[in-house]
Amino acid sequence: MNRTDAAYPLSGNTIVITRPVRQSEALKQALTARGAQVLLFPVIDIAPLNDSTDLRDLASRLADYHIAFFVSPNAVDYAFTVLGNVTWPMHLEVAAM
């Protein structure tokens, strides 16, 4: 392996990033820096709820639950954007993927 190969181990490879646009830039930069050609092809868009009434209602009843499960870091971000400084019950466990 010559110096160029070591500096650009992904040279000659094309990588498709399917993450949402907002979350793909850092990965794109890292792959490009290693010589890859990167194509952005977001297959989903993550956006806040149009109507957060149900989420706010749920937040008012957090003490009734044993566990809160978030399906992604995005779910946590958007939930707490809506919920703000909700009082989290001490007994309520949290799980996340």
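Residue indices begin at 1 and follow the sequence shown.
Ala95 is linked by a side chain to side chain contact (heavy atoms under 4.5 Å, CB included) to Ile67, Phe69, counting only residues two or more places apart in sequence or in another chain. For Ala33, there are no side chain to side chain contact (heavy atoms under 4.5 Å, CB included) partners at least two apart in sequence or on another chain. Residues satisfying the side chain to side chain contact (heavy atoms under 4.5 Å, CB included) criterion with His91, sequence neighbours excluded, are Ala63, Pro89. By the side chain to side chain donor-acceptor pair (under 3.5 Å) test, Ser60 is found to be paired with no residue, residues two or more places apart in sequence or in another chain being considered. Residues forming a side chain to side chain donor-acceptor pair (under 3.5 Å) with Arg56 (at least two apart in sequence, or on another chain): Ser52. Every residue meeting the side chain to side chain donor-acceptor pair (under 3.5 Å) condition with Asp57, not counting sequence neighbours, appears here in chain and number order: Arg61.
Linking ILVMFWY side-chain heavy atoms closer than 4.5 Å, directly or via other members, places Tyr78 and Leu58 in two distinct hydrophobic clusters. Leu31 and Val16 fall into different hydrophobic clusters, where Ile, Leu, Val, Met, Phe, Trp and Tyr are joined by side-chain heavy atoms under 4.5 Å apart, directly or via other members.
Here side chain to side chain donor-acceptor pair (under 3.5 Å) pairs that include residues 16-29, with residues two or more places apart or in two chains, are Arg19-Gln23, Arg22-Asn74, Gln23-Asn74, Glu25-Gln29. Pairs engaging residues 85-97 under the salt bridge (charged side-chain N to carboxylate O under 4.0 Å, His left out) rule: none recorded [sequence neighbours left out]. Residue pairs satisfying the salt bridge (charged side-chain N to carboxylate O under 4.0 Å, His left out) criterion with at least one member in residues 81-90, sequence neighbours excluded, are absent.
Distance CD1/Ile15 to CG/Leu27: 7.5 Å, rounded to 0.5 Å.
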Under 3.5 Å, which donor-acceptor pairs do the side chains of residues 35-51 form with other protein atoms, sequence neighbours left out?
| residue | atom | partner | partner atom | Å |
| --- | --- | --- | --- | --- |
| Asp51 | OD1 | Thr53 | N | 3.0 |
| Asp51 | OD1 | Thr53 | OG1 | 2.5 |

Distance-only criterion, 3.5 Å: show the donor-acceptor pairs between side-chain atoms of residues 80-88 and protein atoms not counting sequence neighbours.
| residue | atom | partner | partner atom | Å |
| --- | --- | --- | --- | --- |
| Thr81 | OG1 | Asp77 | O | 2.7 |
| Trp88 | NE1 | Leu92 | O | 3.4 |

